[in-house]
Amino acid sequence: DKLKVALKYDADSVNANHYLGELYRRIDRPEEADRYYRRALDNMVESDSLLHNNYGVFLCSQGKTDAAVTQFMAVLDNPVYPQRAEIYDNIGACYQRASRLAEAEESYRQALKINPRLDKSLLAMAQLTFDDGRYLLTRAYFSRYIEIGVQSAATLWLAINTEHLLQDIEREQILGQELIKLFPTSPEAARYLKREFMHDK
């Protein structure tokens, strides 16, 4: 209500239109979100990195991959933007969502080149390389991830399956015990106890 009041005083307010777009994105009203994002962009005097990024996230959620990447690239056009690695990670996630995996991998690599400790990109690369059958690379990315990232049943399950496929039984069992200890009621723990591995041959 306060944002709409602000628009009554200044219908071209970039901030009010931007945050109305964010609000409608978060409550899953995409048509209204898109309208307010576009109005904010139309009235932008100079490039607004946060606006470009948020609109890119929205477009990606709507399956508009190329349009989303255009918005993310507008952020990267700002040479002093401090969180460039996160923008490359956003691009990677958007390509991955669209099953454009080669482009996703290249974007994640760019993110990690800037910030080798970006946990989201490390985990994404572990998943991409696992799905592509490059299990030694999966192990390497996961090893870097566990130094900084938060473990979950899903991340441990990925690591367990990697070691299973690499036939490192000792490491597989260590990770399996950790999974059962930390997440005993998880579906992943149940699958491990039943020996229902992914990609098993």
Task: Leu156 and Glu188: CA distance, side-chain angles, deciding distance, side-chain contact (heavy atoms from CB on, under 4.5 Å) verdict - done: CA-CA 9 Å; Leu156 283 169; Glu188 290 85 356; over 6 Å; no

Task: Check against side-chain contact (heavy atoms from CB on, under 4.5 Å), Arg191 and Leu179 - done: CA-CA 11 Å; Arg191 291 180 68 186; Leu179 173 65; over 6 Å; no

Task: Working for side-chain contact (heavy atoms from CB on, under 4.5 Å), residues Asp89 and Asn115 - done: CA-CA 10 Å; Asp89 182 83; Asn115 179 6; over 6 Å; no

Task: Test log, rule side-chain contact (heavy atoms from CB on, under 4.5 Å), inputs Arg144 and Met125 - done: CA-CA 11 Å; Arg144 290 166 61 187; Met125 283 297 291; over 6 Å; no

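Here Glu172 contributes atom CD and Glu163 contributes atom CD; the two are 8.5 Å apart, rounded to the nearest 0.5 Å. Atom CG in Leu41 sits 8.5 Å away from atom CG in Asp48 (nearest 0.5 Å). Remark: Ile91 CD1 to Thr70 OG1 distance equals 9.5 Å, nearest 0.5 Å. Considering CG of Leu137 and CZ of Phe142, their distance stands at 15.0 Å, rounded to 0.5 Å. With rounding to the nearest 0.5 angstrom, the CG atom of Leu118 is 10.5 Å from the CG atom of Leu123. Between atom CZ of residue Arg109 and atom OG of residue Ser121 there is a gap of 11.5 Å, rounded to the nearest 0.5 Å.
Under a 3.5 Å cut-off, the side chain of Asn161 and the backbone N or O of Trp157 do form a donor-acceptor pair. At least one donor-acceptor pair closer than 3.5 Å links the side chain of Tyr145 to the backbone N or O of Val150. Remark: the backbone N or O of Gln110 is not paired with any side-chain donor or acceptor of Arg84 at under 3.5 angstrom. Judged by distance alone, with hydrogens and angles left aside, the side-chain atoms of Thr155 form no donor-acceptor pair with the main-chain N or O of Gln151 at under 3.5 Å. The backbone N or O of Pro30 lies less than 3.5 Å from no partner atom in the side chain of Asp34, so there is not a single donor-acceptor pair. Not one N or O on the side chain of Arg97 forms a donor-acceptor pair closer than 3.5 Å with the backbone of Gly63.
Arg139 forms no cation-pi arrangement with Tyr141, by the criterion of a distance under 6.0 Å to the ring centre and an angle within 45° of the ring axis.
Smallest separation of non-hydrogen atoms from Pro184 and Lys181: CD-O, 3.8 Å. When all heavy atoms are compared, the tightest approach of Ser107 to Tyr95 is OG-CD1, 3.8 Å. Summarising the geometry of Ala33 relative to Gly21, their closest heavy-atom pair is CB-O, 3.5 Å, with the distance given to 0.1 Å. The minimum heavy-atom distance linking Ile146 with Arg171 is given by the pair CD1-NH2, 4.3 Å. Nearest approach of Tyr192 to Phe197, heavy atoms of both residues: CD1-CE2, 4.1 Å.
For the side chain to side chain donor-acceptor pair (under 3.5 Å) with Arg134, the qualifying choice from Thr138, Asp131, Asp132 is Asp132, the only one to do so. Tyr37 pairs in a side chain to side chain donor-acceptor pair (under 3.5 Å) with only one of the listed residues (Glu22, Gln71, His18), which is Glu22. None of Glu103, Lys113, Lys120, Gln96 except one satisfies the side chain to side chain donor-acceptor pair (under 3.5 Å) rule with Tyr108; the exception is Gln96.
Between Phe58 and Tyr55, the two ring planes are parallel [angle under 30°; tilted spans 30° to 60°].
Between the side chains of Gln173 and Gln177, no donor-acceptor pair of N or O atoms lies under 3.5 Å. Under 3.5 Å, the side chains of Asn90 and Asn53 contain a donor-acceptor pair of N or O atoms.
Under the 4.5 Å side-chain heavy-atom criterion for Ile, Leu, Val, Met, Phe, Trp and Tyr, Val14 and Leu50 are members of distinct hydrophobic clusters.
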